[in-house]
Structures are given as C-alpha cells and as structure tokens.
Asker: 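One structure coming up, written as structure tokens, with questions to follow.
Since we're looking at a predicted model, the values are computed, not measured.
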Amino acid sequence: MDEDRRRVVRLIAIRHGETLWNAEGREQGQADSPLTPRGLEQAVAIAERLRRQRFAALYSSDLGRALQTADFVESATGVRALVDPGLRERHMGIFQGLTREQMAAQFPAEYAAYRADPHGYAIPGGESGRERRERSVRVLTALADRHADDTIVVITHGGFLLGFFEHVLGLPPGNGWRFRRRNASFNVFARTNGYWSL
C-alpha cells in the first residue's frame with residue numbers, strides 16, 4: 001500500500017428522535033424516555049435518508065431512545081446495529097428525570113454548582129462534561145480507527161455530540177451551544193490521516 005495515500009473515514013453522527021422527556025424539558029442523561037409521535041417520524045425520515053447512503057457499519061448507544069431510532073435504520077438499510085455503551089449520553093446523576101425548575105428546587109446547591117461550571121462539575125451520581133467529552137473523543141476515534149477508508153453511522157445523543165463538536169472544532173469547553181444538535185440531526189465528520197474535521 002502507498003504510505004502517502006490519504007486514509008479518510010466518514011462518520012455520520014445522528015442524534016436519536018425526539019422523546020417525551022425532550023418535549024417536557026426533562027433531563028434524560030442515561031435514564032430513558034420513549035420516542036414521541038414526532039420522534040418516530042424523525043426516525044423514519046433518518047432511515048429513509050440512510051437508505052440512499054452506502055455505509056459499512058451502524059453503531060448505536062445502548063439507551064432505548066437511540067436503539068429505537070436505530071431499529072428504523074436497520075429495517076430500512078438491512079445493516080444490523082452494533083450496540084456500544086460508550087455512545088451513551090452524559091450521566092446526569094441526581095438531575096435525571098427532572099426539569100430545570102425541579103433541579104433548582106430539590107438540589108439548589110448542586111444545581112448552582114452545575115450552572116457555574118457545567119463542563120467541570122461532576123454531578124453527584126453522574127459525570128462531568130469533561131468526562132463525557134473525553135469519552136466521546138475516545139469512543140468515536142476508536143470506531144474510526146476500526147473502519148479505515150469506510151463510512152460509518154453512529155446513533156447517539158445531543159450532549160455526547162456537543163463535546164465532540166467542541167473537540168473537532170477546537171472550541172473551548174462550553175461553546176458547543178453554537179451548534180444546534182436537534183433530534184434526528186445528521187452530522188458528517190471526517191477523520192483524515194488521524195485528524196478530525198466537520
């Protein structure tokens with residue numbers, strides 16, 4: 001093989017369809033909530049788009065909302081989903097299942113600390129934004145390394161993608177908000193000779 005040949009992996013990263021807790025403004029973390037009727041429509045639309053896309057592998061977080069989205073892609077494309085727990089959302093610990101108002105009322109000190117430093121603060125029973133970002137880079141880079149010169153699809157979560165956007169674009173922690181990661185969003189990254197780009 002030519003040592004100078006560019007090795008490019010295309011990674012299509014998709015956020016799961018809308019869930020009931022998304023619609024209610026509840027923090028999901030690694031707890032789960034079913035897809036809404038709108039979320040099911042989004043999953044069908046993503047599956048139809050991927051039906052027209054050639055790719056070598058399909059990976060999914062093991063959380064129900066991602067697996068439910070992956071089921072539609074699997075049915076449409078015939079590519080079996082491989083489950084990877086590393087693709088999970090940030091563990092939000094004591095905040096899981098709560099709205100912002102409930103977090104502030106039930107855990108005022110912890111919520112204030114989280115608001116002051118959402119990236120560095122490790123939520124009790126959960127993880128920090130820094131830990132989630134490091135996990136997203138580690139897991140997606142490992143998948144890219146496994147599929148040199150291929151296109152792969154990953155179904156994951158909004159917060160997981162936030163950290164990866166920041167890493168790829170060299171943004172300081174906390175600046176991922178500039179990129180809306182809507183439910184069922186379709187994001188394409190490339191890893192060329194070891195370097196990521198969006």
Side-chain angles (χ1 to χ4, degrees), residues 10-55 57-105 111 114 118 123 126 129 132-133 135-136 139-140 151-166 168 175-189 198:
R10 291 180 71 243
L11 186 147
I12 300 171
I14 292 167
R15 186 183 176 198
H16 59 81
E18 180 191 72
T19 69
L20 181 61
W21 282 7
N22 288 150
E24 293 177 348
R26 294 185 182 277
E27 191 61 68
Q28 291 182 114
Q30 293 185 7
D32 227 334
S33 173
L35 298 187
T36 61
R38 181 180 184 207
L40 293 170
E41 291 176 1
Q42 291 169 335
V44 168
I46 279 293
E48 286 303 309
R49 182 168 183 183
L50 288 171
R51 186 196 299 271
R52 303 186 301 271
Q53 171 75 51
R54 293 185 63 174
F55 57 95
L58 170 64
Y59 291 90
S60 175
S61 156
D62 65 342
L63 299 179
R65 56 197 186 268
L67 288 173
Q68 198 175 359
T69 304
D71 283 346
F72 285 94
V73 177
E74 193 174 88
S75 295
T77 64
V79 179
R80 187 173 64 85
L82 303 171
V83 177
D84 189 334
L87 295 169
R88 285 182 176 186
E89 182 57 283
R90 176 181 179 179
H91 197 307
M92 296 301 287
I94 59 174
F95 297 151
Q96 293 187 160
L98 304 180
T99 64
R100 290 178 182 170
E101 293 76 15
Q102 290 170 331
M103 293 178 210
Y111 186 61
Y114 169 64
I123 301 162
R132 182 218 41 224
R133 176 175 171 161
R135 175 164 52 85
S136 72
V139 170
L140 294 180
T151 294
I152 62 173
V153 175
V154 169
I155 299 177
T156 185
H157 305 270
F160 183 95
L161 286 171
L162 179 147
F164 193 63
F165 267 95
E166 290 177 346
V168 171
N175 281 268
W177 61 268
R178 297 180 184 184
F179 298 89
R180 299 296 300 271
R181 296 157 319 281
R182 297 183 187 278
N183 291 106
S185 61
F186 189 100
N187 310 279
V188 182
F189 298 91
L198 174 63

Asker: Looking at A43 and L35, what are the two nearest heavy atoms and their distance?
Answerer: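 Looking at all heavy atoms of both residues, the shortest contact is CB-CD1, 4.4 Å.
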Asker: Of the non-hydrogen atoms in G163 and S136, which two are nearest, and what is the gap between them?
Answerer: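 Residues G163 and S136, closest heavy atoms: C-OG, 4.0 Å.
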Asker: Check ring pair (Phe, Tyr, Trp, His ring centres under 6.0 Å) between F95 and all other residues, then give those that pass, not counting sequence neighbours.
Answerer: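 F95 satisfies ring pair (Phe, Tyr, Trp, His ring centres under 6.0 Å) with Y114 once adjacent residues are dropped.
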Asker: Tell me if a side-chain donor or acceptor on T69 pairs with a main-chain N or O of G17 at a distance below 3.5 Å.
Answerer: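 Yes: the side chain of T69 pairs with the backbone of G17.
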Asker: If you take all heavy atoms of H16 and N183, which pair is closest and at what distance?
Answerer: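 Taking H16 first and N183 second, the nearest heavy atoms are O-ND2, 3.2 Å.
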Asker: Where is the tightest heavy-atom contact between F55 and V73, given as atom of each residue plus distance?
Answerer: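 So the two residues come closest at CZ-CG1, 4.4 Å.
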Asker: Sorted by first residue and then second, give each salt bridge (charged side-chain N to carboxylate O under 4.0 Å, His left out) pair with at least one member in residues 76-103; sequence neighbours left out.
Answerer: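 Found D62-R88.
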Asker: Which pairs count as salt bridge (charged side-chain N to carboxylate O under 4.0 Å, His left out) when at least one residue sits in residues 16-40, sequence neighbours excluded?
Answerer: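 The answer is E18-R38, E24-R26, D32-R65.
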Asker: What heavy-atom pair brings I155 and L87 nearest, and what distance separates the two atoms?
Answerer: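 Of all heavy-atom pairs spanning I155 and L87, the closest is O-CD1, 4.4 Å.
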Asker: Nearest heavy-atom pair of T77 and A47: which atoms, and what distance?
Answerer: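 Closest approach of T77 to A47, heavy atoms only: CG2-O, 4.5 Å.
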Asker: If I take atom CH2 from residue W21 and atom CG from residue L98, how far apart are they, to the nearest 0.5 angstrom?
Answerer: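 Rounded to the nearest 0.5 Å, the CH2-CG separation comes out at 8.0 Å.
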Asker: Applying ring-ring contact (aromatic ring centres under 6.0 Å, His included) as the test, list every pair that has at least one member in residues 68-94; sequence neighbours left out.
Answerer: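 Every candidate ring-ring contact (aromatic ring centres under 6.0 Å, His included) pair involving residues 68-94 fails, so no pair, neighbours aside, qualifies.
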Asker: Would you indicate whether the side-chain heavy atoms of L50 and I14 approach each other to under 4.5 Å?
Answerer: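 Yes, their side chains come closer than 4.5 Å.
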Asker: I'd like to know if the side chain of E74 and the backbone of A70 have a donor-acceptor N/O pair within less than 3.5 Å.
Answerer: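 Answer holds: no.
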Asker: Is the backbone of N22 close enough, under 3.5 Å, to the side chain of Q28 for a donor and an acceptor to pair up by distance?
Answerer: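 Side chain of Q28 to backbone of N22, a donor-acceptor pair under 3.5 Å: no, none is there.
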Asker: Is there a side-chain contact between I123 and I94 (heavy atoms, below 4.5 Å)?
Answerer: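 Side-chain contact under 4.5 Å: yes.
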Asker: Checking E41 now: which residues fulfil salt bridge (charged side-chain N to carboxylate O under 4.0 Å, His left out) with it, not counting sequence neighbours?
Answerer: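 With neighbours one apart ignored, the set is empty.
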Asker: Could you list the residues that satisfy side-chain contact (heavy atoms from CB on, under 4.5 Å) with A105, not counting sequence neighbours?
Answerer: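 A105: no side-chain contact (heavy atoms from CB on, under 4.5 Å) contacts found.
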